[in-house]
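One structure is given below, encoded as structure tokens.
Worth knowing before you read on, the calculation uses all heavy atoms, side chains too, and leaves out hydrogens, waters and symmetry mates. Counting starts at 1 for both ligands and their atoms, following the listed order.
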Amino acid sequence: MKTNFIVDEVKKVGSEVELFGWAETVRDHKKVIFIDLRDRSGVVQLVGNESLRGISCEDVLYIKGLVKKRPDHMINQKIPTGEVEVEVKEFKILSKSEGLPIPIDTDGYEIDEEIRLQYRYLDLRRKRMLSNLIIRHKAIKFIRDFLNERDFLEIETPILTKTTPEGARDFIVPSRLQKGSFYALPQSPQQYKQLLMVAGIERYFQIARCFRDEDPRADRAYGEFTQLDLEMSFVTQEDILVLTEELFTKLVKEIFPNKKMTKSPWPRLSHSQAQEKYQSDKPDLRQDKKDKDELAFVWVIDYPLFTEQSESDYFHGSGKAKYAPSHHMFTAPHPDDIGLLDTSPEKVRGLQHDLVLNGFEVGGGSIRIHDSKIQEKIFELIGFSDAQKGQFNHMLTAFKYGVPPHGGIAPGIDRFLMSVLSESSVRELIPFPASSGGKTAVMQAPSLASPNQLDELGIKIVK
Ligand code: ASP
């Protein structure tokens with residue numbers, strides 16, 4: 001087994017070491033051959049004789065060799081292992097590589113994205129993509145540690161489930177056991193996290209995959225994305241804002257020490273202030289929009305509970321009622337505005353909070369309704385039929401058995417990192433994203449189901 005990464009192993013100047021990795025470059029100087037051997041940690045220069053001649057770029061190698069200090073004039077200051085080289089004593093080509101279909105020694109932006117995604121396993125060899133994966137890992141690790149210290153439990157919720165209305169179109173999965181019935185993939189774990197509060201968990205989080213069949217945009221991957229899903233019982237909106245702000249402030253300090261926050265504590269704007277002052281509910285409050293190291297977080301609160309419903313409100317589908325929830329239908333109305341639900345619902349404020357970073361919405365959440373009467377009233381205002389209400393009976397039933405006041409938030413991980421790293425698309429942060437045309441990376445799903453599979457599901461394809 002390989003026990004050490006290259007950059008650590010070659011610190012042992014004067015010793016014989018064993019190295020494993022890829023031949024990044026091969027330079028043939030006739031009698032001497034130089035190879036840069038790469039693994040996840042970096043590269044080191046190998047020197048050997050003509051016996052290395054059969055090696056080509058991206059071949060996978062085992063090397064036994066002597067770590068030697070380079071003469072002063074040969075030192076390469078640009079790489080961490082630049083003071084040494086490894087004299088090859090023995091080697092084995094563990095696997096040969098053909099010429100790569102895409103270059104991997106550039107930042108990759110110049111290559112057609114469909115081709116990058118087709119060969120994503122090669123695309124991820126490039127330094128920028130590896131670094132993005134490492135940063136993503138560190139951010140998630142930081143989040144887990146931070147929340148663990150504050151008594152949160154990380155809990156998984158189902159992927160095969162029932163529709164969870166977040167305003168997008170569902171992905172549905174046919175059931176074989178109950179022909180004609182369908183599961184939906186969760187647009188978020190919203191209902192489950194609320195049920196976990198009824199279950200007495202009090203503090204929940206999940207690095208949650210969410211599925212939404214929406215048209216792709218730069219700040220939104222097609223199909224699925226990851227969010228930090230979080231819910232707490234016995235809290236006020238203030239508690240959620242303070243916790244989230246502390247989490248992200250500390251995360252930025254630890255993982256992105258070069259970034260500067262425009263303002264701390266983060267400014268808070270009411271929805272109407274944001275609209276009046278910036279004509280946007282996602283204002284970009286950076287002082288210098290060209291500065292890649294500036295992070296302008298801002299909270300937008302006091303949203304109207306409802307927006308006007310449009311034909312495209314998929315949570316609902318009928319497009320007949322006047323109102324649609326601004327956030328989602330479980331968001332609590334402001335306690336001072338409850339009376340207005342009967343008289344002028346459009347004036348009711350919701351206890352919703354959106355987190356905006358450099359002009360991108362990176363998260364949203366709310367205090368939830370924990371009174372089934374109010375929940376039913378909201379269902380009515382958004383025009384739910386009895387059948388539609390029936391879809392959420394489990395929530396109303398659960399709320400009969402002692403539900404704590406609760407609330408939460410769900411910052412998008414891909415989106416947050418995209419904004420912090422000033423990446424051009426969330427896909428640069430997702431290891432295997434779907435292309436903008438909706439085909440998955442490498443495997444190119446969706447694909448056809450076999451006639452047998454369709455038979456078992458009782459499905460006929462209409463052309
Ligand atoms: N479920 C919401 C969303 O995915 C977040 C929340 O309200 O906590 O946007």
Side-chain angles (χ1 to χ4, degrees), residues 143 147 152 154-159 161-171 184-198 201-214 217 219-221 223-233 235-241 243-245 247-248 271 281-282 299-303 305-307 313-315 324-334 349-357 360-370 375 378 382 392 395 404-416 426:
I143 290 170
L147 294 174
F152 281 79
E154 181 171 5
I155 299 179
E156 288 172 277
T157 53
I159 296 297
T161 180
K162 205 170 175 174
T163 185
T164 46
E166 300 282 352
R169 198 184 280 107
D170 282 325
F171 280 100
L185 305 184
Q187 292 183 36
S188 88
Q190 184 61 38
Q191 295 177 74
Y192 286 110
K193 69 174 171 177
Q194 293 194 242
L195 294 173
L196 286 170
M197 296 303 108
V198 181
I201 295 305
E202 297 195 31
R203 292 176 180 209
Y204 142 95
F205 83 98
Q206 179 176 195
I207 306 298
R209 206 66 73 78
C210 302
F211 304 88
R212 299 182 190 179
D213 188 356
E214 293 175 304
R217 302 192 312 223
D219 63 343
R220 202 182 261 168
E224 52 186 282
F225 62 90
T226 305
Q227 66 187 19
L228 160 61
D229 196 46
L230 189 150
E231 196 76 8
M232 290 185 277
S233 294
V235 287
T236 58
Q237 185 172 55
E238 181 69 20
D239 297 322
I240 298 168
L241 302 194
L243 178 98
T244 310
E245 187 161 334
L247 166 59
F248 282 93
H271 181 259
D281 55 5
K282 308 185 252 295
W299 286 113
V300 182
I301 52 178
D302 283 340
Y303 276 75
L305 187 63
F306 298 109
T307 57
D313 280 321
Y314 277 99
F315 72 91
S326 295
H327 184 49
H328 52 56
M329 57 187 76
F330 307 112
T331 298
H334 196 291
R349 287 163 300 164
L351 292 179
Q352 173 186 349
H353 35 262
D354 272 13
L355 177 55
V356 175
L357 170 57
F360 285 102
E361 184 201 319
V362 292
S366 60
I367 292 292
R368 324 300 182 187
I369 296 166
H370 65 279
Q375 188 65 68
I378 302 294
I382 62 179
F392 298 96
M395 294 294 278
H406 60 286
I409 189 167
I413 306 253
D414 324 295
R415 255 202 217 191
F416 163 70
V426 279

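Taking a cut-off of under 4.0 Å to the non-hydrogen atoms of Ala410, the atoms of ligand 1 that pass are 5 (C), 8 (O). Atom numbering of ligand 1 starts at 1 in the shown order; those under 4.0 Å from a heavy atom of Lys193 are 6 (C), 8 (O). Close approach to Ile409 involves these atoms of ligand 1, each under 4.0 Å from a residue heavy atom: 8 (O). With ligand atoms numbered from 1 in the order given, ligand 1 contributes 1 (N), 2 (C), 5 (C), 6 (C), 7 (O), 8 (O) to contacts under 4.0 Å with heavy atoms of Gln190. Residue-ligand proximity, Ser188 to ligand 1, at heavy-atom distances under 4.0 Å covers atoms 1 (N), 4 (O).
Of all protein heavy atoms, the one lying nearest to atom 9 (O) of ligand 1 is Glu166 OE1, 3.7 Å. Looking from atom 5 (C) of ligand 1 to the surrounding protein, the closest heavy atom is Gly364 O, 3.4 Å.
Under the 3.5 Å distance criterion, the side-chain polar atoms of His334 are left unmatched by any main-chain donor or acceptor of Gly350. With Gln227 contributing its side chain and Gly363 its backbone, the two residues share no donor-acceptor pair below 3.5 Å. Under a 3.5 Å cut-off, the side chain of Arg415 and the backbone N or O of Val426 do not form any donor-acceptor pair. Judged by distance alone, the side chain of Glu156 and the main-chain N or O of Gln206 form no donor-acceptor pair under 3.5 Å. A donor-acceptor pair is defined here as one N or O able to donate and one able to accept, closer than 3.5 Å; such a pair exists between the side chain of Gln187 and the backbone of Ala168.
Taking each of His327, Glu361, Glu231 in turn, the one with a heavy atom nearest to atom 7 (O) of ligand 1 proves to be His327.
Aromatic ring orientation, Phe152 versus Phe205: perpendicular (interplanar angle above 60°, classes split at 30° and 60°).
In terms of polar-atom proximity, defined here as any N/O pair under 3.5 Å, His328 does make such a contact with ligand 1. The distance criterion of under 3.5 Å between nitrogen or oxygen atoms is met by Arg212 with respect to ligand 1. By the 3.5 Å distance cut-off applied to N or O atoms, Arg368 is counted among the residues near ligand 1. Considering backbone and side-chain atoms together, Gln227 places an N or O closer than 3.5 Å to an N or O of ligand 1.
A side chain to side chain contact (heavy atoms under 4.5 Å, CB included) with Pro325 is found for one member of Ile382, Leu305, Thr331 and no other, namely Ile382.
In the model, Ser366 has no side-chain atom that pairs as donor or acceptor with a side-chain atom of Tyr303 under 3.5 Å.
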